[in-house]
Structure formats: structure tokens, C-alpha cells
Amino acid sequence: MRGSGKIPRSAVFRPPAANILPMKEHLQELLASALERVLADAGAQQAPAIQLDPTKDRKFGDFQTNLALQLAKPLGRPPRAVAEALVRALPPSPRVARVEIAGPGFINFFLADAAFQSVVADILDLGERYGRDDSGGKGRILIEFVSANPTGPMHVGHGRGAAYGDSLANLLAATGWTVWREYYINDAGRQVDVLTVSVWLRYLECCGEPVTMPRRGYPGDYLKASAQRLFDAHGRAFHVPAARVREGLPEESVAPDDASEAQLAAAKASQEAHLDALIARARALLGVHYATVQRLALDDQLAAIKSTLDAFNVRFDQWTSEKALVDGGFVARALARLKEKGLTYEKDGALWMRTQAFGDEKDRVLIKADGTATYYCNDLAYHIDKLDRGWPLLLDVWGADHHGYIARVRAAIEALTGRKDALNVQLIQFVTLSSGRMGKRSGNFVTLQDLIDEAGTDATRFFYLTRSHDQHLEFDIDLARSQSTDNPVYYVQYAHARICSVFQQLADKGGHWDAQAAKLTLHRLTNTHEKALLTLLGRYPETLQRAAASYAPHTLVFFLKDLAEALHGYYNVHRFLVEDDPELQSARLALIRATAQVIRNGLRILGVSAPEKM
RNA sequence: GCCCUUGUAGCUCAGUGGAUAGAGCAUCCGCCUCCUAAGCGGAGGGUCGCAGGUUCGAUUCCUGCCAAGGGCGCCA
């Protein structure tokens, strides 16, 4: 999302040693000097900002600037003439091999080989720290993601949020942020009662009762395991004849296939009414045991979620329970603060929050007329708590369907803290499956655990992260679980494995390679494949910075694909083990060792393994 | 109706105020006596949804229109 929650970019990244960024600054200094002279000669003073960018095509050199194009109009001279004047005024530099004027007036810089080669030495020295900023100095940020309701297994949509949130957290941690990862457990509210009743009905089945599941309950088979556990642990202690459960409950009506919207709404209302009555009946019949059933149902679902996330290589620093916030008085205290500030009022028997005064479309209900808190109320208290715990920036990863919810949470935070920019929300667009259906209530869907079981964590995570998070994603299950060439994750992993294999070959032949000695041979890296690889390696640090600044791990995925492509192309054309030229061999091994290091560093941020053999 | 997002190759998607708009898959043609062929090279394939505007320059920024998805609860 654009706007108020954006992380400030004030902290300029300083790479640990000479590579692309200082080079860019160096060229900008040269250009600034030339610009000053050209402007003085022309008697002008208004100087445009110098735009200097990496080139897309090697034939345009390594960096290009459109400065002459920008100056053409104010100076009243043709762009190419301005470019020539600028180039003449450029101070000489040993790091620049040559400068060319091309196209309508672009100035292209070709760098000296040595300017690229040194990155290999940096990578060999820094190892897994290359490209990283572990200082934590940019600030503290709390990222909340997944937070799937503990009422059933996670589906492919949750998987996307998990892969995205975890990788983004890694990315932020790798670019100077102090990061805390949190999962908000929605273990309070009506949905939990629906879960409880659904499990209890399955339990009654275990007792031999003929039960019909309510149409808007949770019908999935996964609850049968919880029911069985309940039965095993407590026997028939919670048994009630099905007839007594059903007695006097309002009937569910079903809309016909060609129902109008009004008919559909009426049917839905009757089904919800039935469900509410069933919940009330369960509470009445079970008494204190209701909580026992509920606890077991929740624990089972949460355990399944934790197990899946663990398999998916996703870790959290903290799991925050909604119920614990309520029971611990956090919600009450948040409400008291709102009331104290005059931000609430009562209307129609409910308590409202004045969110409209802070940019929301309308005011929102905190406490319903029946005395219970809205989801919003508890979530608001949770966000206040996160801030109270000393995290000045909150980053929430939500499904795109929560879009309309952002304004009210931000409004509440602003109302209490005066800060508009404390909350940043990244919305994950929907995931569709290339085949099959999703939906918890259908009882028949592809779970995240299914994907992990069939495709593996690496392929699944990589597939999710190949698309920008704010774009719709079509998850091709067959492709993700294919062990074939088609699967994109192998392309990158294979590059890493190939490099490892080269070093294995070297060892098998009794050869040696020494990193320190190799640093003195880097001047031998001069062909086009080597230059391409060197250029990419040098761009890794800024790739991380850019990916983090735009909350876009997929940028890193594309970078790693490019890097793997450069390696594979190099591999196919040149031999690395060149027995008759030890110096060249040493230099090439240094280059591919550095490449393997960067691939490993990047994959680690994505939560994907870098196998040494495939 | 109002708000948000999206529209780029047959399919799935990157990308950018600049030079000839890219990748994977699919189709076709080549490359293993040699470090892993899960690889490499090449070919075909495009009105960057449509129309205006800003600009030296727009696929990119702005406006309108068309189309798709989502959101507009005292649900979570």
C-alpha cells in the first residue's frame, strides 16, 4: 500500500566494500562536476537532478544518464551537442574505461573491469553476511501475518500469506530492521462457538447418535479426529440424545437453485438463526463441559496450524491469543482509554467509535447491543497492545478481502496515538487454483499441508513468491508438485548444486583452491559471461534494499533467476576446471564460489534450501 | 451506486517517464566421447484493454470509458 505506513528510506545503505553503489556515487560526482562547468559556460544556473541508472543492455555500457536530454530544452541546444559538452567536461577517472554518446543523447559509461572484479573478493570475505545489514539500526518493526482462524486447516490462500510474510520479515531483518513476528489467534467470538458445536455434533456421532450437521457449521472431516479424541478421553460424559439437542430449534430453510437474492438472504438468515439456537442449546446442555469441548477443539486446530507452519519453515516470535487479551483486561483498558478521550458514544444500545473523524467512511461499533465485543474492538485492543509493547511500526499482512478494514484500524491508532503512519498494511491478493475449489465450508479443499506434502516446502514457497503479492495468483498445483524441469525452483537450486559439484570434482581429482590466493587472480575474469555474472553479484545488496523498501520479496526471486541464468550460460560455454591454466582456474572458481554464496544467501531469505546435490 | 485492485505474447506473469517491451510454459530447430541435459543456443509469437491529456519522449503519470476481481455488517 502506498502512503502513510511507508517505512522511511532515510537511512542510506552503505555496502561494506567497493561495489555498485559507491561506483554510482563516484559517477554522479563526475557528472556533477561536468554539469557545473557546462552550466557556467552557458550562463545558466538551474540544474536538474542527475539521473544515473544501470543499463538494461550491455551494449549501452554499465550506467546511463539522460542528463543531456533534460538539459536540451533549458539550454536551447540539441541534446547530442549538450551531451558532447558534458563528456568533454568530465574529469578523468581510472574506474571508467570509456564514455559514449548514443541514441537521442544518452551518455553511457563503460566501467573498467577491475571495478567489477573486486566484488568477488568482498563476497568471499563476507560470506553469508554479504549484502546483509544486520545492524537493526533502521528501527523496530512488528510484523503480523497469517493469523488464520483456528477453526480449520490452512488453505492455499493462507500459504501465500505465510510465505510472503515470513520472507518479508527475513528481508527486513536482512536490511537493517529489528523484526518481531507475531501470529494473532482469533480464539474468541462466534466462530469458535460454531467450531465447538461442530465438534460436539461429531462427538455425538461417535456416541452413535444420528446427527445432521447445520448447513453453516464446519462440516469438514478434520473435526472427526477431534471428536474421536474427545470420545477417547471422556467417554460418553458429554452425551445427549440427538432428539434433545434438536428439540424446538428453528428449522433451516434452503433456497431453491434459481433463488432470488431475497430468497437467498432469507435462507441464510434462517440457517444462521438455527446455528445460534444450536450454540445456545449446546451451552445449556453441556454447562461447564462446554469449555472443555471448546478447549480441545481449539487446541487441535491450533496444533495442526503450528505443525503445518513448522513444516513450511515459518517461525513466529509470539502467538497472541485474542481470548487472552480479553481475559487479561486489555480490551477493557483500551475501551477505557477511548472513552476517556471522548472517542466513543452510545447509540441504539451499542457503543460506537468515532472513526469517521479520522478518515473512515463511517463510525464503527465496538460493543454490540447484545453486550458482546465486535471483532474490530478486540483487534483494536491488540494493535494498541502492540504499540504499548514498544513497537513503533506495525506491519500487517492481510488478505485483500480485508481492504475495507484498514481505515478503521488506522483511525483508532491515530485517535489514540496521534500517529497516522504507525500502521502499514500489505494486502495479499487472492489465490486461485488451477483445478479444484477452495472454501472451508465446502469440506473439500486443498490445504497448505497437502501442498507441502506433495510439492515440498521449497517448491511451494518459491512458487508463491514468484508472483507479486498484490497480484492475483493462479496456483498451478501440477506444476508446483512436478519434479520436472518445469518447476522453477529447481532452476535456481540446480545452479547452486552445479557449483558445489564442480568443487567436488576438484576434490576428487586431488586439486586445491585457496580463497585468499584466488583474490589475486580476479583480473582474469574478462569474458562476457564473467562480466554478466560480476555485474549481477554486485547488484545483490541494492536488490535486497529495493525489495525490502517496496515489501516485494518477488524482486529477489527474479534476481536469483537472473543470477542462475547467468551461471548456467557461463557453465555451458566455459570450463571452470582449466588444468593447463591454474591462475584462470583459480579466478573462475572464485567467481562461481561467490555466485553460490549469493544464491544461498538469497534463497535463505526466501526460506528455500540450497542443496549441494540434486 | 460508492471505494480499492487489475487489464502486457496462445497460457501464467515480470518490468519501465527513455534506446529494439522481457521471462517461464506451450510450438518449432539445434547442442552431451568433456565440471550434473533439473542445462544451453536459436526461431516464431505483441495495437502493453480503448480514447483523450501532460511531456523532447507515455506501455509507465493524469482524466474518462470498457472489462474482470474484491470491499462497502451491531460477521470474523
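Residue numbers start from 1 in every chain, and the chains themselves are labelled A, B, ... in the order their sequence lines are given, proteins ahead of strands. Note that the structure is a prediction, hence the values are computed from the model and not measured.
Per the geometry, OH belonging to A:Tyr464 stands 16 Å off C1' belonging to B:rU12, to the nearest Å. The separation between A:Phe558 atom CZ and B:rA14 atom C1' is 4 Å, rounded to whole Å. The CD1 atom of A:Ile599 sits 14 Å away from the C1' atom of B:rA38 (whole-angstrom rounding). In this structure, the CD1 atom of A:Ile477 is 16 Å from the P atom of B:rU12, given to the nearest Å. Atom-to-atom, CZ of A:Arg467 to P of B:rG7 comes out at 13 Å; the value is rounded to the nearest Å. At whole-Å resolution of the value, CD in A:Glu565 and P in B:rG22 are 13 Å apart. For the pair A:Glu579 CD and B:rC35 P, the interatomic distance rounds to 11 Å; values are reported in whole Å. Rounded to whole Å, the distance from CG on A:Asp470 to C1' on B:rA14 is 12 Å.
Here the separation of B:rG41 from B:rU5, taken at their P atoms, is 39 Å to the nearest Å. Nucleotides B:rU20 and B:rG39 place their P atoms 33 Å apart, quoted to the nearest Å. Only the P atoms considered, B:rC4 is 13 Å distant from B:rC65, to the nearest whole Å. B:rU54 and B:rU63 have their P atoms separated by 15 Å, with the value rounded to a whole Å. Atom name C1', nucleotides B:rC28 and B:rG52: the rounded distance is 42 Å, in whole Å. Taking atom P in both B:rG17 and B:rC32, one finds a spacing of 43 Å when rounded to whole Å. Distance noted for atom C1' between B:rG24 and B:rA14: 10 Å (whole Å). Between B:rU60 and B:rG73, the distance separating the two C1' atoms is 39 Å to the nearest Å.
Of the side-chain N and O atoms in A:Tyr491, one or more sit less than 4.0 angstrom from OP1 or OP2 of B:rC40.
Counting any heavy atom pair closer than 4.0 Å across all strands shown, A:Asn108 reaches a base atom. Using a 4.0 Å heavy-atom distance criterion, A:Lys56 is classed as a sugar-phosphate-only contact. A:His574 comes within 4.0 angstrom of a base, heavy atoms only. Nucleic acid contact class of A:Gln64 (heavy atoms, under 4.0 Å, all strands): base. Residue contacts for A:Ala495: at a heavy-atom cut-off of 4.0 Å it reaches no nucleic acid atom on any strand shown. Residue contacts for A:Leu366: at a heavy-atom cut-off of 4.0 Å it reaches no nucleic acid atom on any strand shown.
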Dot-bracket line, read 5' to 3' along RNA chain B, where crossing pairs take [ ] and | marks a partner on another strand, Watson-Crick or G-U under 3.5 Å
(((((((..((((....[...)))).(((((.......))))).....(((((..]....))))))))))))....
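A:Tyr464 and A:Tyr164 have their aromatic ring centers separated by at least 6.0 angstrom. For an aromatic pair to be called close, the ring centres must be under 6.0 Å apart, and A:Tyr382 with A:Tyr184 satisfies this. Taking the six-membered ring where the residue is Trp, the centroids of A:Tyr551 and A:His469 are separated by 6.0 Å or more.
Residues satisfying the side-chain hydrogen bond (donor to acceptor under 3.5 Å, both in side chains) criterion with A:Gln301, sequence neighbours excluded, are absent altogether. Listed by chain and residue number, nothing satisfies the side-chain hydrogen bond (donor to acceptor under 3.5 Å, both in side chains) test with A:Gln64 (two or more places apart in sequence, or in another chain). Residues passing the side-chain hydrogen bond (donor to acceptor under 3.5 Å, both in side chains) test with A:Ser167 are A:Arg461, sequence neighbours excluded. Every side-chain contact (heavy atoms from CB on, under 4.5 Å) that A:His472 has, sequence neighbours left out, goes to A:Gln429, A:Phe430. Looking at residues two or more places apart in sequence or on another chain, you find a salt bridge (Lys or Arg N to Asp or Glu O under 4.0 Å) between A:Asp396 and A:Lys386. For A:Tyr405, the side-chain hydrogen bond (donor to acceptor under 3.5 Å, both in side chains) criterion is met by A:Asp379, not counting sequence neighbours. Partners of A:Pro582 by side-chain contact (heavy atoms from CB on, under 4.5 Å), not counting sequence neighbours: none found.
Classification of the A:Phe463-A:Phe475 ring pair by plane angle, with boundaries at 30° and 60°, yields tilted.
Classified by its glycosidic torsion, B:rC61 falls in the anti category, the angle being over 90° from 0.
In terms of polar N and O atoms assigned as donor or acceptor, the side chain of A:Gln493 never comes within less than 3.5 Å of the base of B:rA38 in a complementary pairing.
Between A:Thr65 and A:Thr466, the one whose closest nucleotide on RNA chain B sits nearer the 5' end is A:Thr466.
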Going 5' to 3' through nucleotides 68-76 of chain B and flagging B where a protein heavy-atom sits under 4.0 Å of the base, S where only the sugar-phosphate is that close, and - otherwise, we get -SSSS-BSB
Sugar-phosphate atoms are those with a prime plus P, OP1 and OP2; base atoms are the rest. Using that split, label each nucleotide of nucleotides 53-61 of chain B B, S or - for protein heavy atoms under 4.0 Å, 5' to 3'.
---S-----
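Side-chain proximity of A:His554 to B:rC40, B:rC35, B:rA14: nearest is B:rA14.
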Quiz: residues 67-85 of chain A side-chain donor-acceptor pairs under 3.5 angstrom, not counting sequence neighbours:
| residue | atom | partner | partner atom | Å |
| --- | --- | --- | --- | --- |
| A:Arg80 | NH1 | A:Gly103 | O | 2.7 |

List the atom pairs, donor and acceptor, that lie under 3.5 Å between side-chain atoms in residues 499-512 of chain A and the rest of the protein, sequence neighbours left out.
| residue | atom | partner | partner atom | Å |
| --- | --- | --- | --- | --- |
| A:Gln504 | NE2 | A:Asp508 | OD1 | 3.0 |
| A:Lys509 | NZ | A:Glu579 | OE2 | 3.1 |

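In this structure, A:Glu252 does not pair ionically with A:Arg215, as no charged nitrogen and carboxylate oxygen lie closer than 4.0 Å.
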